[in-house]
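Some notes on the structure that comes next.
In this chain, numbering begins with 1 at the start of the sequence shown.
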Amino acid sequence: MAINSQIKVLRDNLKTQLSARAGLNGVDIFKFPPADGAPKTEFIFFGDASSSMDFETFGKQYAEDIDLTVFTYCLKAGAGDVVAGSARDRALALAQEIIDELADDSTVNGAVLVSKVRSFTEENGLSDEGRFCQIEIQIEAEAILSE
């Protein structure tokens, strides 16, 4: 019996679809946390994923519930509330593109039956380069797989 997961397909399809969005033109999108050489101003990356599977009693199908974490990050040079607000606004705009993509195609090009944003968390901070905002988005998805 071969057990599969749709996590890889979900990552691949979501990256492809986000890369095609006009609102994300020029934004680097990574399927995994970026390396140190990644751009420092703004990007999107996919974090951890988890899956729980429910095997059917009869037949060779099983349901999979997937959780995928996606992050948006924006850094603006400078200090103060105005700069922090600008970083937050841009990080939220990037997050909105992800939300809109899932609203446009909740199957993520057939990777899953349905997906949605479950929650998001905003983190604001400062670094030597300026003020940053990172949005952590929790996506949940459901799939049906067969052996």
- Query: Roughly how far apart are Asp28 CG and Phe45 CZ, rounded to 0.5 Å?
  - Reply: 13.0 Å

- Could you walk me through whether Glu136 and Glu123 pass side chain to side chain contact (heavy atoms under 4.5 Å, CB included), step by step? CA-CA 8 Å; Glu136 177 181 330; Glu123 175 190 352; over 6 Å; no

- What distance do Cys74 atom SG and Ile44 atom CD1 have between them, rounded to the nearest 0.5 Å? 11.0 Å

- Is a donor on one side and an acceptor on the other found under 3.5 Å between the side chain of Ser19 and the backbone of Lys15? yes

- Message: Does Asp48, at its CG atom, have more than 12 non-hydrogen atoms belonging to other residues, nucleotides or ligands within less than 6.0 Å?
- Response: no

- Message: Just verifying a value: how many Å separate Ser5 OG and Ile66 CD1, rounded to the nearest 0.5 Å?
- Response: 5.0 Å

- Query: Does one hydrophobic cluster hold both Phe46 and Val108, with members joined at side-chain heavy-atom distances below 4.5 Å?
  - Reply: yes

- Message: Would you say that Glu142 contacts Val112 through its side chain, given a criterion of any heavy-atom pair below 4.5 Å between the two side chains?
- Response: no

- Query: Quick one: do the Ser51 and Glu64 side chains pair a donor with an acceptor below 3.5 Å?
  - Reply: yes

- Message: Distance check, rounded to the nearest 0.5 Å: Thr121 atom OG1 versus Ile137 atom CD1?
- Response: 10.0 Å

- Query: Do you reckon Ile29 sits in the same ILVMFWY cluster as Phe120, going by side-chain contacts under 4.5 Å, direct or chained?
  - Reply: yes

- Message: Distance alone, cut at 3.5 Å: any donor-acceptor contact between the side chains of Glu101 and Gln17?
- Response: yes

- Task: Rounded to the nearest 0.5 Å, what's the gap from CG on Asn124 to CG on Asp81? Could you check?
- Result: 10.0 Å

- Message: Can you classify the ring geometry of Phe30 versus Phe43 as parallel (below 30°), tilted (30 to 60°) or perpendicular (above 60°)?
- Response: perpendicular

- In terms of hydrophobic clustering (I, L, V, M, F, W, Y; side-chain heavy atoms under 4.5 Å; direct or indirect links), are Ile7 and Phe71 co-clustered? no

- CG (Leu14) and CG (Leu68) are apart, to the nearest 0.5 Å, by 7.0 Å

- Query: Do Leu10 and Leu102 share a hydrophobic cluster (ILVMFWY, side-chain heavy atoms under 4.5 Å, transitive)?
  - Reply: yes

- Query: Is there side-chain contact between Ile139 and Thr69, with heavy atoms separated by less than 4.5 Å?
  - Reply: no

- Message: Side chains of Leu113 and Thr107, heavy atoms from C-beta outward: is any pair under 4.5 Å?
- Response: no

Name every donor-acceptor pair, under 3.5 Å, that has one atom in a side chain of residues 125-134 and the other anywhere in the protein, sequence neighbours excluded.
unit_1	atom_1	unit_2	atom_2	d
Ser127	OG	Glu129	N	3.2
Ser127	OG	Glu129	OE1	3.1
Arg131	NE	Gly125	O	3.4

Please tabulate, for side-chain N and O atoms in residues 90-99, each donor-acceptor pair with protein atoms closer than 3.5 Å (sequence neighbours left out).
unit_1	atom_1	unit_2	atom_2	d
Arg90	NE	Glu42	OE1	2.9
Arg90	NE	Glu42	OE2	3.4
Arg90	NH2	Glu42	OE2	2.9
Gln96	NE2	Asp100	OD1	2.8
Glu97	OE1	Arg21	NE	2.6
Glu97	OE1	Arg21	NH2	3.3

- Message: Can a donor-acceptor pair be found, under 3.5 Å and without considering hydrogens, that links the side chain of Thr16 to the backbone of Asp12?
- Response: yes

- Task: Indicate yes or no for a side-chain donor-acceptor contact from Asn109 to the backbone of Asn13 under 3.5 Å, with no hydrogens or angles considered.
- Result: no

- Is the closest side-chain heavy-atom distance between Ile135 and Val70 below 4.5 Å? no

- Partner residues of Glu140 under the salt bridge (Lys or Arg N to Asp or Glu O under 4.0 Å) criterion, sequence neighbours left out: Lys116, Arg118

